[in-house]
Q: 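Quick one: the structure is below, and I'll ask about it shortly.
Protein chains get the first letters and strands the later ones, always in sequence-line order, with residue 1 at the start of each. Only this structure's heavy atoms are used, side chains among them; waters, hydrogens and symmetry mates stay out.
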Amino acid sequence: GKSDNSVVMAYDQAPESVDPFFNNVRIGVIIGQHVWDTLIYRDPITNDYKGQLAKSWKWVDDRTLEVELREGIKFHNGEEFDADDVVYTLNFVSKPENKVTTQQNVSWIEKAEKVDKHKVRITTKKVFPAAIEYLAGPVVIHPNEYYEKVGPAGQNDKPVGSGPYKVTEYVPGKSIVLETNPDYFADSPKPKPTIGKVEIRFIPDRQTQMAEAISGGVDFIMHVPKDQAEQLEAAPHLQVVSGETMRIVFMQMNSQEGTPAPALKDERVRKAIIHAIDRETMVKEIVGKGSRVLNTICFPSQFGCTDHGAPKYPYDPEKAKSLLAEAGFPNGLELDIVAYRERNQTEAIIGYLQAVGIKANLRFLQYAAMREQIRGNKAMLTHQTWGSFSVNDVSASTPVYFAMGDDDISRDPEVRDALNKGDNSVDPAVRNASYKEALTRIAEKAYAVPLYSLPVYYVATADLDFRAYPDEMPRFWEMTWKK
Amino acid sequence: MIGYILKRLGLALLVALAVSAIAFFLLRMSGDVAIAIAGEGARQEDIELVRRTYGLDRPLVVQYVEWLWNTLRGDFGTSIYFKTDVATLVFAKLPTTLLLGVLSLGFALLVSIPLGVLAAVYANSWIDRLALAIAVVGQALPNFFFALILVMLFSITLRWLPVSGSKTWANFIMPTIALGYYVAPAFMRLIRAGMIEVLSADYIRTARAKGLPTRKVIFKHALRNAVVPVVALTAVQLGFLLGGSVVIETIFALDGLGYLAYQSITFKDFPVMQVIVLMLSVLYVLLTLAADIANAWLDPRIRVA
Amino acid sequence: MANSSDIVLEIDGLSVDIRTAGGTLHAVRDISFSVKRGETLCLVGESGCGKSMTSLAIMDLLPKAATKSARRLAFAGEDLSRAGKSRINALRGNRMSMIFQEPMTALNPAYTIGNQLVEAYCLHKKASEAEARERAVFLLGKVGIANAAERLGQYPHQLSGGLRQRVMIAMALMCGPELLIADEPTTALDVTIQAQILRLLADLQQELGIAMVLITHDLGIVARIADRVAVMYAGQIVEEGPTTSLFNAPRHPYTQGLIECIPVPGRTEPGGRLGVIPGVVPSLVGEVRGCSFRDRCTKAQQACLDAPPVRETADGHRWRCILENAA
Amino acid sequence: MTALIEAHDLTRSFEVSRGMFKGKRTLHAVNGISLDIRQGEVLAIVGESGCGKSTLARMLLGLLPPSAGAITLEGQDIRSLGRKGMARRVQPVFQDPYSSLNPRRTIASIVALPLEVHGIGTAAERRKMTIEMLDKVGLPQRFADRYPRELSGGQRQRVAIARALVMKPEVVVCDEPTSALDVSVQSQILNLLMDLRRELNLTYVFISHNLAVVEHIATRVAVMYLGRVVELAETEALFKAPRHPYTKALLASVLTPEPGLGIPDTGLGIAFPDPLNPPSGCPFHPRCPERLPQCGSVVPQILRDENGAVACHLHGQAPAPH
Amino acid sequence: MTSEPLSLPAAAEPTAFSRLMRRVLGQKAFVIGVGILAVIVLIALLAPVLAPHDPYLQNLSARNVPPFWYAKGSWVHPLGTDQLGRDYLSRVIYGARISLLIGISVVIISGLIGTTLGLAAGYFGGKVDMLVTFLVTTRLSMPVILVALAVVAMIGGSLWIVILVLGFLKWDRFAVVMRSATQQVRSLDYVAAAEAAGASTTRIVLREVLPNIAPHLIVVATLEAASAILLEAALSFLGLGVQPPLPSWGLMISEAKAYMFFSFWLIAIPGTALALLIFAINLAGDGLRDIIAPEGRS
Ligand SMILES: Nc1ncnc2c1ncn2[C@@H]1O[C@H](COP(=O)(O)OP(=O)(O)OP(=O)(O)O)[C@@H](O)[C@H]1O
Ligand SMILES: Nc1ncnc2c1ncn2[C@@H]1O[C@H](COP(=O)(O)OP(=O)(O)OP(=O)(O)O)[C@@H](O)[C@H]1O
Ligand SMILES: [Mg+2]
Ligand SMILES: [Mg+2]
Ligand code: NI
């Protein structure tokens with residue numbers, strides 16, 4: 001609370017490891033950004049890149065990035081930051097045998113070399129314009145001497161970074177305590193924190209979190225569902241802050257060869273499904289403030305994302321029924337739907353489908369199990385979300401599901417070609433055009449149901465002054481107490 | 001005596017073996033670990049890599065034998081999710097759960113023994129009916145529902161107790177009650193039934209015929225014999241409580257074995273699940289052994305002649 | 001008659017009612033008898049005729065569902081039906097004690113027999129544990145248990161039925177009772193052991209001058225051990241008298257039938273037919289009017305519908321029948 | 001009289017555990033019994049509780065396989081007869097009339113069970129035979145559709161007898177058929193058994209511990225002690241001149257209703273027999289008032305003569321040294 | 001001899017049926033339990049008639065309407081609506097079907113497994129008994145909820161999967177009770193008598209033993225049904241039970257708990273329904289046990 005200048009945050013899931021490379025959960029990213037620094041920093045409002053551990057950087061050629069490092073920075077254990085740390089970290093994490101959990105964040109790195117004490121060169125495996133984005137996000141820098149000594153396990157036991165907060169107590173699975181790093185370097189784009197102590201407790205049950213918030217045991221919770229957040233707003237000592245995130249929600253429909261639901265191969269059925277769902281009402285009633293209805297499978301702020309020219313399918317249950325009848329299903333049909341989060345939204349979708357005669361049986365699975373279903377060509381309808389790792393570029397979203405990768409279950413070569421063209425070009429105009437082509441075709445063929453973006457609701461003590469960002473990252477270093 | 005214990009330990013070993021095999025095959029056959037390890041957004045080649053590096057591409061039986069061999073050597077493997085040594089992980093969480101189990105068992109006994117004795121002594125009176133009513137109502141309330149009601153009452157409305165965590169003893173009050181109340185009726189009924197039976201036994205009449213005061217008849221002669229079956233039930237119920245703590249630990253954010261189990265189930269963390277199931281089963285068999293020994297101590301008929 | 005101070009137990013008009021689902025069961029109906037110092041009274045009768053209820057009523061050990069009433073239930077001149085619980089507790093196990101039928105279950109399996117033996121003595125005689133043990137050893141020796149001191153540490157299940165019954169007898173004698181009630185003390189035992197135990201009991205009773213009520217359904221035992229006999233049928237005493245008189249000249253048709261039923265070498269012809277009492281025992285639920293045996297009685301008459309008179313001879317032989325002598 | 005059933009060196013042991021912490025021990029419930037049951041006789045088996053009477057009976061009925069030895073029925077091993085074959089010729093009457101009748105069946109269906117099992121007659125015929133049989137044991141027809149719990153102990157025992165006799169067996173093995181009953185009922189049952197025997201020409205094996213009853217009903221008596229037959233003789237001979245000290249003690253313990261005789265002194269020690277821990281030599285020697293020096297170490301041989309058989313060192317030759 | 005007026009009431013008792021009825025009616029708890037249970041069963045059977053609305057019909061613009069006794073409530077939705085605007089009363093009514101279906105199906109599956117094992121163990125003893133005892137110990141040593149959670153998490157929850165999983169997990173008590181009951185009956189003389197009459201083992205087990213242990217079976221079945229319903233609720237509560245939009249009470253509690261601090265009725269209604277059902281089953285089971293107990297003893 002304000003009285004002792006500390007914030008207790010509750011989160012529903014404990015990270016498997018606090019080492020950012022060895023977890024793939026949001027709380028891991030949050031802890032990572034507080035305890036560690038990255039080479040580059042992206043301003044969450046302007047989306048400008050600024051140097052953090054790096055003073056400056058430039059592309060030497062298509063695949064080589066040269067980074068000049070800031071001097072005089074110290075890790076929490078006193079170790080000095082220099083090129084060795086960067087080289088060691090990048091080379092360590094990019095080696096598959098080191099079993100980094102977030103492979104997709106580091107697999108683009110070919111190697112890192114020390115040029116001099118404060119300059120390194122990073123080589124990418126192929127042309128990879130998004131490298132800056134990754135260096136500004138998940139790729140944090142570890143202290144090489146310490147890391148070499150203790151390894152990922154030791155870094156998890158006693159984490160050491162260079163970030164604005166340092167870990168003073170960590171009980172895996174239970175809680176982690178962060179306290180301000182008094183020696184944090186002044187030039188960092190992350191301002192020196194005001195909040196002296198941040199305790200993150202892992203409370204799996206959402207109701208327990210709410211109860212704690214109501215009873216004052218916890219100051220800050222996030223990912224609160226809309227209804228609950230609105231209810232908590234009534235409590236005088238609490239405030240609710242919400243905002244849009246980059247996480248998009250959509251339904252894939254398995255229309256590839258050998259699909260267990262051949263009906264979905266029929267474009268009319270797919271269109272009927274989109275027409276059946278009242279996305280506007282869902283957004284308004286159950287998804288919440290900050291959400292917007294999408295028409296294409298990407299987040300609007302992402303580079304290349306657009307819905308201009310793409311057909312839109314407004315809520316029209318009658319049309320849906322007639323399309324189904326046309327397709328030969330006048331009495332409706334029965335389909336399975338797999339989902340892994342926001343179950344109430346899936347349930348609403350099922351309700352809408354039921355209303356037009358599609359009986360959807362929910363199979364609510366763990367993410368991994370759902371992935372298995374999809375990749376094994378066993379899924380019919382899927383209710384999915386995608387956060388693009390907060391990467392503000394379409395290359396991080398649409399291609400994952402439509403470029404004939406493992407998760408593509410519509411498998412249209414035309415779409416793939418257009419997406420690949422966009423991915424592999426450095427010319428923004430070419431990229432924009434090819435992505436538009438792909439997105440339009442996806443919409444025309446109704447390969448998937450674009451639903452909406454997910455908002456995030458934070459509930460916090462009324463004293464705390466903070467804002468919500470699309471990347472679902474609470475930034476304690478910039479939070480202050482209200483006067 | 002030694003022979004008997006050895007035999008029972010042998011049984012424990014056999015049970016453990018069976019349980020581990022069941023758990024291993026059941027878990028492995030129903031899901032792909034590699035995808036779980038690779039995580040959200042992993043590509044097929046990432047998954048393949050995981051599969052190879054973890055040796056998941058070999059036949060199940062081979063994997064099981066290897067796992068068994070490692071376990072026998074004391075190497076419980078590494079958690080897929082937490083990336084740490086499973087043994088360390090599990091043993092770190094065990095105390096919380098055991099504490100919770102023992103506390104709730106204690107709570108259950110504390111409530112049920114007096115209630116059961118009263119109900120038996122005043123069988124068919126209003127006291128008996130009241131005790132029975134408490135028992136039936138108690139058993140009808142799902143423990144998660146009851147836990148939430150406790151939270152509503154003591155944390156939200158009255159603000160007497162902290163909602164979650166395991167920092168202070170106050171944190172354990174609600175979980176203890178929520179977990180323990182559900183088994184209390186079983187004990188109460190058993191004690192009541194046992195007491196009623198014992199009270200009608202010939203030796204109680206003998207004791208009364210000696211002119212002993214009622215208190216002494218009940219507490220010295222009757223209770224001692226009525227608690228014998230309770231001891232056996234205690235072992236079973238402690239096993240039940242450890243299983244039931246999954247729900248309670250999740251609700252009260254107690255960082256114990258139950259929550260770890262729930263997490264490992266959620267994340268398909270097979271090595272952890274495997275060890276937890278194994279550990280609980282061994283614990284159960286050992287507990288029943290302990291109960292048998294305790295029984296023998298209480299009931300000399302079973303003891304060495 | 002006898003010196004009234006010699007009368008240890010005096011019962012007048014004892015009834016025991018038991019509440020059952022089907023109504024009130026009149027288990028014992030208005031029975032009267034008395035026992036003198038050094039005398040053995042046997043209560044005989046078939047299963048369910050109320051023998052045990054009578055003994056439990058005397059000891060105030062009736063089950064919860066049972067209630068007793070009596071015009072007088074006096075122990076050594078003191079009316080127990082008016083005594084409080086603590087007074088009865090002070091007498092029980094002290095001046096009056098009881099031996100139960102089942103030697104296998106009458107001892108608490110959880111405690112050593114030593115523990116169970118000394119309990120009453122310590123309580124009633126305010127004696128130390130050591131004194132009590134000494135007495136226990138003495139008594140165990142008396143009931144014919146060798147190496148008694150060792151036995152004190154044993155648990156009931158380590159003893160055979162015969163030994164347990166001896167322990168029960170010793171336990172009953174711990175405080176030197178004036179009245180001993182033995183409810184079928186040998187029914188569960190083998191014949192050879194039965195003879196030994198009965199002999200022991202009879203000897204001790206003689207030696208200590210105890211008034212004894214012995215309950216049994218075995219006429220053989222009765223004949224050998226009793227000074228006087230009371231025959232019970234359907235909750236009532238139908239005949240009572242000195243043993244010889246009762247066996248040699250039974251007056252009540254039921255007693256006669258009973259004696260006829262058992263094969264007696266010499267009296268009954270091997271392989272021949274035995275006497276029978278036809279029919280079954282009447283239900284004791286609800287009011288029973290008249291002679292309760294009339295159903296099975298070969299000599300029943302209309303008059304049996306009314307309560308039969310109690311007849312008595314000079315030597316104290318009494319019976320309840322309209323007939324002077326049914327023989 | 002010819003031997004109908006012959007038992008040769010019959011032995012039956014049980015593995016019994018004595019509490020949790022001790023190993024199992026072998027209990028010789030029946031220990032080398034040879035016996036013949038003659039056509040038309042009433043062979044009584046007497047002995048103390050736990051001496052193996054019921055075990056012997058169950059083996060004779062084919063309900064319990066012997067650990068060693070064999071039983072023949074008219075020279076044929078009963079194992080080869082099978083369950084059904086035995087059932088037609090040998091039937092039981094058990095001690096406890098409460099547990100020997102299935103509480104969920106009517107009296108008629110209990111009595112008809114053997115007929116049903118053997119597929120004799122139609123349902124109507126079976127019913128008729130059942131009613132006749134019930135009538136024979138003195139139960140009026142109105143009992144046929146009642147349940148056992150509505151009957152008194154004596155009536156139940158009649159039902160058990162009816163069930164045993166409905167198949168018209170040759171041998172009836174009665175295991176203490178009256179010991180759970182009151183004397184007034186006992187005499188009815190004993191009379192019934194004797195009547196039926198004459199009428200149906202039955203052979204009885206009659207187990208009892210009541211010597212007065214045995215003397216009344218039996219033609220021959222076998223006395224058992226700790227799993228062995230210690231004496232076997234015609235009833236009259238046995239009661240007149242018992243040879244084994246145990247038989248003598250047994251007879252002395254009988255309390256006939258003769259006032260004034262007092263309680264006899266059997267002269268027995270109080271070393272009660274423990275079947276798990278049988279004494280060496282003659283099993284009776286620790287209690288025997290006439291014990292000889294060799295009794296403690298040498299098992300007495302059975303002496304068979306015209307009077308029957310006896311196993312005691314007081315009778316017969318000194319055993320041949322091994 | 002004048003026989004007629006002379007006869008006394010014999011020790012014969014009233015007929016079995018009237019005695020049973022008296023004992024049954026004497027058990028007030030049992031009568032209450034069976035009464036409630038009957039009402040719930042009726043509600044389940046008549047759900048389509050009784051439910052005012054389609055339990056699946058959602059209306060996102062009429063969400064979380066409170067029940068009629070609140071100012072904002074109305075009789076259109078007597079118990080209000082849930083978070084998707086579905087009629088709560090209709091869902092509660094249909095929920096009874098699911099809970100009963102689960103209770104009954106699980107008991108049938110586990111009862112068959114457990115009874116077979118228990119009968120075999122109790123009747124044959126020896127090696128069979130050892131094997132069954134081992135199986136039971138093994139089964140007991142694995143906490144049901146944990147194993148059920150794991151399996152359901154792996155293969156995905158659905159009504160029938162939950163039923164199968166619970167059915168295959170909950171046979172232990174049947175086996176234990178049936179085993180000891182069989183052992184007890186096996187040692188009774190009427191079994192020996194049937195054997196001596198030449199009856200085959202199958203016949204003895206099915207016709208002599210089974211009917212006599214059936215009351216125990218029924219008691220265990222009722223209590224197990226209650227416990228299966230509770231387990232399903234717990235699984236659904238953890239999100240691993242039956243799947244929405246099926247109106248299972250456990251699932252309704254689970255969904256409503258998000259609203260418990262502000263709309264308590266949402267959790268209280270299915271919670272009460274569930275508790276009432278369990279309460280009724282337990283009362284009935286207890287009563288049944290008391291009713292059969294004296295018979296079993298004699
Ligand atoms: N607790 C009880 N509840 C109901 N009836 C009882 C109870 N105890 C005994 N009775 C009934 O009271 C009557 C007398 O019982 P009691 O035990 O005195 O008979 P008994 O003569 O001792 O018989 P037995 O020779 O079998 O011991 C019987 O009809 C019996 O059924
Ligand atoms: N199934 C069994 N398992 C173990 N021991 C047994 C078994 N059946 C009988 N015995 C033991 O065998 C011995 C003989 O038993 P059995 O029942 O034949 O004696 P009995 O002479 O019939 O005794 P009673 O007069 O008490 O009926 C006893 O010590 C008994 O404990
Ligand atoms: Mg009695
Ligand atoms: Mg026997
Ligand atoms: Ni008369």
Q: With a sphere of 6.0 Å drawn around CD of E:Gln183, does it hold more than 12 non-hydrogen atoms of other residues, nucleotides or ligands?
A: yes

Q: With only heavy atoms counted, which part of B:Leu278 is less than 4.5 Å from chain E, the side chain, the backbone, both or neither?
A: neither

Q: So for B:Tyr182, is it side chain, backbone, both, or neither that comes closer than 4.5 Å to the heavy atoms of chain E?
A: side chain

Q: Tell me, for E:Ala226 versus chain B, whether the close heavy atoms (under 4.5 Å) come from the side chain, the backbone, both or neither.
A: neither

Q: Is B:Ile251 close to chain E through its backbone or its side chain, or both, or neither, when contacts mean heavy atoms under 4.5 Å?
A: side chain

Q: Report which part of E:Ala280 has an atom under 4.5 Å of a heavy atom belonging to chain B: side chain, backbone, both, or neither.
A: neither

Q: Output the distance between atom CG (E:Leu240) and atom OH (B:Tyr262), rounded to the nearest 0.5 Å.
A: 5.5 Å

Q: Evaluate whether atom OH of B:Tyr122 has more than 12 neighbouring non-hydrogen atoms of other residues, nucleotides or ligands under 6.0 angstrom away.
A: no

Q: Would you mind checking which part of B:Val137 comes under 4.5 Å of any heavy atom in chain E, side chain (CB onward), backbone (N, CA, C, O), both or neither?
A: both

Q: Of the backbone (N, CA, C, O) and the side chain (C-beta and beyond), which part of E:Leu146 lies under 4.5 Å from a heavy atom of chain B, both, or neither?
A: both

Q: Taking B:Leu141, B:Thr288, B:Val19, B:Val246 one by one, which has the highest count of heavy-atom pairs under 4.5 Å against chain E?
A: B:Val19

Q: Give, for atom CD1 of E:Ile281 and atom CD of B:Gln139, the distance between the pair rounded to the nearest 0.5 Å.
A: 12.0 Å

Q: If you count heavy-atom pairs under 4.5 Å between each of B:Val15, B:Leu283, B:Thr250 and chain E, which one has the most?
A: B:Val15

Q: How long is the span from the NZ atom in E:Lys257 to the CG atom in B:Leu148, to the nearest 0.5 Å?
A: 7.0 Å

Q: Looking at E:Gly33, E:Pro143, E:Ser141, which one has more heavy-atom pairs under 4.5 Å with chain B than the rest?
A: E:Ser141

Q: Could you walk me through whether E:Val147 and B:Ile22 satisfy the side-chain contact (heavy atoms from CB on, under 4.5 Å) test, starting with their C-alpha distance in whole Å, then the side-chain angles of each, then the deciding distance to 0.1 Å, before giving a yes or no?
A: CA-CA 10 Å; E:Val147 178; B:Ile22 293 171; over 6 Å; no

Q: What is the distance from atom CZ of B:Arg189 to atom CG of E:Asn282, rounded to the nearest 0.5 Å?
A: 6.5 Å

Q: Can you measure from CG (B:Leu17) to OG1 (E:Thr138) and round to the nearest 0.5 angstrom?
A: 10.0 Å

Q: E:Ile145 versus chain B, heavy atoms under 4.5 Å apart: side chain, backbone, both or neither?
A: side chain

Q: Between B:Leu14 and E:Phe134, is any pair of side-chain heavy atoms under 4.5 Å apart?
A: yes

Q: Measure distances from E:Phe279 to the heavy atoms of chain B and classify the residue's part below 4.5 Å as side chain, backbone, both or neither.
A: both

Q: One pair to check against side-chain contact (heavy atoms from CB on, under 4.5 Å): E:Ile253 and B:Phe144. What are the steps and the verdict?
A: CA-CA 9 Å; E:Ile253 293 175; B:Phe144 51 89; 3.7 Å; yes

Q: Chain B: which of E:Leu135, E:Thr272, E:Thr137 shares the most heavy-atom pairs with it under 4.5 Å?
A: E:Thr137

Q: Flag yes if more than 12 heavy atoms outside E:Phe262 fall under 6.0 Å of its CZ atom; otherwise flag no.
A: yes

Q: Side chain, backbone, both or neither: which part of B:Arg129 has an atom under 4.5 Å from a heavy atom of chain E?
A: neither

